[in-house]
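A short write-up of the structure that comes next.
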Amino acid sequence: VQLQASGGGLVQAGGSLKLSCATSGRAFNMYTMGWFRQAPGKEREFVARINWSGADTDYTDSVKGRFTISRDNAKNTVYLQMNSLKPGDTAVYYCAADAAGRLQTMAQYYNYWGQGTLVTVSS
């Protein structure tokens with residue numbers, strides 16, 4: 001299984017970005033998909049996750065109401081729409097897949113990881 005994240009860039013505070021994660025593998029529609037991020041000097045943290053059907057989502061408190069995770073199983077792709085961005089959202093964003101389909105927010109449960117895409121929010 002390979003994951004390819006894209007869509008990062010430089011944006012001003014208050015702006016928006018949409019990240020995409022294209023995934024190979026025939027069983028994509030069974031995976032729980034997650035987004036994590038790692039800011040400079042900090043540990044990787046959970047951002048959002050979505051279950052196989054898209055009906056069940058979860059977010060870290062700091063992004064609730066601003067970020068939306070979604071998926072298109074026909075395209076083997078998961079998205080992260082990020083609105084009202086803040087300088088504190090600056091980080092490398094990683095997409096990840098849990099092939100077991102669990103509903104977890106801890107990185108240890110995710111089997112496969114993309115390479116990361118950098119999001120920089122200027123004040």
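Nothing fancy with the numbering, it's 1 onward along the sequence.
No donor-acceptor pair closer than 3.5 Å links the side chain of R44 to the backbone N or O of A107. Within the 3.5 Å criterion, the main-chain N or O of T68 finds no donor-acceptor partner in the side chain of Y79.
Summarising the local packing, CD of E45 is surrounded by more than 12 heavy atoms from other residues, nucleotides or ligands at distances under 6.0 Å.
The side chain to side chain donor-acceptor pair (under 3.5 Å) with R49 is formed by just one residue from the set D56, T60, T32; it is D56.
By the 4.5 Å heavy-atom criterion applied to side chains, F28 and T77 are not counted as neighbours. In this structure, V119 and M82 have side chains that are in contact, with non-hydrogen atoms separated by less than 4.5 Å. The shortest side-chain heavy-atom distance between N111 and Y31 does not fall under the 4.5 Å cut-off. V63 places a side-chain heavy atom less than 4.5 Å from the side chain of V47. Two residues are said to be in side-chain contact when any heavy atoms from C-beta on lie closer than 4.5 Å; Y94 and L19 fail this criterion. A heavy-atom distance below 4.5 Å is found between the side chains of C21 and V78.
Rounding to the nearest 0.5 angstrom, the gap separating the NZ atom in K86 from the OG atom in S123 is 14.0 Å. Annotation: the span from N73 atom CG to M30 atom CE amounts to 10.0 Å, rounded to 0.5 Å. If you take CG on N83 and NZ on K18, they are separated by 10.5 Å, rounding to the nearest 0.5 Å. Between atom CH2 of residue W35 and atom CZ of residue F46 there is a gap of 13.0 Å, rounded to the nearest 0.5 Å. Atom CG of D58 and atom NZ of K64 lie 6.0 Å apart (nearest 0.5 Å). In this structure, CD on Q115 lies 9.0 Å from CG on L3, to the nearest 0.5 angstrom.
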#### Entry: side chain to side chain contact (heavy atoms under 4.5 Å, CB included) between F67 and L85, intermediate numbers included
CA-CA 9 Å; F67 291 11; L85 282 161; 3.8 Å; yes
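Linking ILVMFWY side-chain heavy atoms closer than 4.5 Å, directly or via other members, places Y112 and Y93 in a single hydrophobic cluster. Grouping the Ile, Leu, Val, Met, Phe, Trp and Tyr side chains by contacts below 4.5 angstrom, directly or via other members, places L118 with W113.
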